[in-house]
Amino acid sequence: MISHTLSNVRRYEAEEGDKVSPELRPLFHLTPRIGWMNDPNGFSQYKGKYHLFYQYYPYGKLWGRMHWGHAVTEDLLHWEYLPAALAPDSFADRDGCFSGSAITLEDGKHLLMYTGVIQSPDSEKEFFQRQCIAVGDGVDYVKQINNPVIEAKDLPHDSNGLDFRDPKIWKEQDGTYGCVCVDKDMNDHGRILYFKSNDAFSWHFHSILLENDGSVGKMWECPDVFELDGKKVLLFSPQDMLKKGNYPNGNSTIAMIGEFNDDGTRFLPETKQPIDSGIDFYATQTLLAEDGRRIMVAWMQNWDTILYTEKKIPWLGQMIVPRELSVKDNRLYQLPAREIEALRSNPVIMNDVEAEGVFSLDGIDGRTIDLSLDIRQTELKFQRFEIRLAQNDEYYTSLVYRPREGTLEFDRTNSGTRRAVLNSRKLTVEDGRESLKLRIIMDRYSVEVFINDGREAFTNCIFTPLDAQGIGFIVDGKALLDIEKYQLDQ
Ligand code: FRU
């Protein structure tokens, strides 16, 4: 039985979402069908398609009582909307269906594990968060009658009892199930909790996989743990970070590479890095594809820096282009999923271009492009290499490479935004003093930059009018440039 709340949402999103002209959406990035989107949820392969759910409030471009929106794709780039999957309509989740994940059960059903939220009777500001389950066929999901399946009584005694969310479920090799959630202890420190289950329905606490020692923000959100290239990888999104190296202030993201201890109760980190240092990136989630790839999605926006869209755009929030992950030398690498190559046309390839002064290059322009640049020093050294994207007489967005500092700076102050939110960010590139390799994926409203073969990533949104199609360069000395550009089409 579908509740009134859910059927109303489904009717509303079908009416209003289908009015949105495709021109007002990105070409290949997922946006909410209508209204607000935050975290990716339930990213999984089911019945031959990739399913991606998302934190969803359809009734406005603002965060509200959370639903799960739903979309499917065969190639990670062409999305088809399905009806909203979850609404806050049951005793266990009446104030919100927060983030979670999905797997396929032995009997072929699709299981969603999510955080059910209910307001405390004592305070409007306090919410209880517990883990819930819904099982379905890829379109309609039935919530378990015995929800919540993990609650406060299952937590370590020093849990604050309020912040407890974002279950990421997986199947263990022995056929049992594991899941990690985040909670917060009495000292305001986030932790990753590990639970186990024989059947994916009844759960018990296994261990604290890792806790914040106070040096990594406060609360942690959206945990994910998996094996990749012989190492264990832990991803999460810490809140309230202090600026440190390439970790930005506020809501940040972190990848740790390491091992589990011998009895599999603790994660032992060996290295850590920001997952993406751009302005618009948060809340990652991965899946293991049937072909063996570990693919990551994330919210291409961040709580601290939301760039509200103009009135004519009736959605807010996008997902990143799905990215293939790998681990090399204890570092996480990421590149756009290879499916993007099928969207390429009109190659323009130039090698050893002597770049100096202010110039543009024939055929190097566009707003939906896959652009690779290899920028090298010459004897007539340059200290500043600027690329201006989405440029016309009025607007541009710049990427500035300064080899002496080894930095890359993104700046959208002149991109046509009327908002004085954070508009620029600078990244210190490892090994960035002699040369720099960039791969820039532009869709209508975003610029995703993959640096040095995906060793670092830098994701930012822009809402420049779409007729600003130019790309220009400004170099203060002489550089050598290899360039490879493709247009991306549907
Ligand atoms: C992260 C987050 C999650 C929570 C969800 C609520 O962005 O705060 O921890 O489940 O968003 O929408």
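This chain uses plain numbering: 1 for the first residue, then up along the sequence. One-based numbering, in listed order, for ligands and for the atoms of each.
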Practice problem: Give a yes or no on whether the backbone of Ala283 and the side-chain of Ser237 come within a donor-acceptor separation of less than 3.5 Å. | Solution: yes

Quiz item: According to the interplanar angle, ranging from 0 to 90°, do the rings of Tyr56 and His67 count as parallel (below 30°), tilted (30 to 60°) or perpendicular (above 60°)?
Solution: perpendicular

Quiz prompt | Under-4.0 Å salt bridge between Arg323 and Asp276 | solution = yes

Quiz item: Under 30°, 30 to 60°, or over 60°: which ring-plane class applies to Tyr12 and Tyr59, parallel, tilted or perpendicular?
Solution: tilted

Pairs under 3.5 angstrom, nitrogen or oxygen on both sides, ligand 1 versus protein: list them out, please.
{"from": "ligand 1", "atom 1": "7 (O)", "to": "Asp39", "atom 2": "OD1", "distance (Å)": "2.7"}
{"from": "ligand 1", "atom 1": "7 (O)", "to": "Asp39", "atom 2": "OD2", "distance (Å)": "3.3"}
{"from": "ligand 1", "atom 1": "7 (O)", "to": "Trp303", "atom 2": "NE1", "distance (Å)": "2.9"}
{"from": "ligand 1", "atom 1": "8 (O)", "to": "Glu221", "atom 2": "OE1", "distance (Å)": "3.4"}
{"from": "ligand 1", "atom 1": "8 (O)", "to": "Glu221", "atom 2": "OE2", "distance (Å)": "2.8"}
{"from": "ligand 1", "atom 1": "9 (O)", "to": "Arg165", "atom 2": "NE", "distance (Å)": "2.8"}
{"from": "ligand 1", "atom 1": "9 (O)", "to": "Asp166", "atom 2": "OD1", "distance (Å)": "3.4"}
{"from": "ligand 1", "atom 1": "9 (O)", "to": "Asp166", "atom 2": "OD2", "distance (Å)": "2.7"}
{"from": "ligand 1", "atom 1": "9 (O)", "to": "Glu221", "atom 2": "OE2", "distance (Å)": "2.9"}
{"from": "ligand 1", "atom 1": "10 (O)", "to": "Ser99", "atom 2": "N", "distance (Å)": "3.1"}
{"from": "ligand 1", "atom 1": "10 (O)", "to": "Asp166", "atom 2": "OD1", "distance (Å)": "2.6"}
{"from": "ligand 1", "atom 1": "11 (O)", "to": "Asn38", "atom 2": "ND2", "distance (Å)": "3.2"}
{"from": "ligand 1", "atom 1": "11 (O)", "to": "Asp39", "atom 2": "OD2", "distance (Å)": "3.2"}
{"from": "ligand 1", "atom 1": "12 (O)", "to": "Asn38", "atom 2": "ND2", "distance (Å)": "3.1"}
{"from": "ligand 1", "atom 1": "12 (O)", "to": "Gln55", "atom 2": "OE1", "distance (Å)": "2.7"}
{"from": "ligand 1", "atom 1": "12 (O)", "to": "Trp63", "atom 2": "NE1", "distance (Å)": "3.0"}

Quiz item: What about the rings of Phe43 and Trp299, do their centers lie closer together than 6.0 Å?
Solution: no

Self-check item: Test applied, side-chain contact (heavy atoms from CB on, under 4.5 Å); reference residue, Phe410; option that passes from Leu389, Asn423, Thr397, Thr459
Solution: Thr397

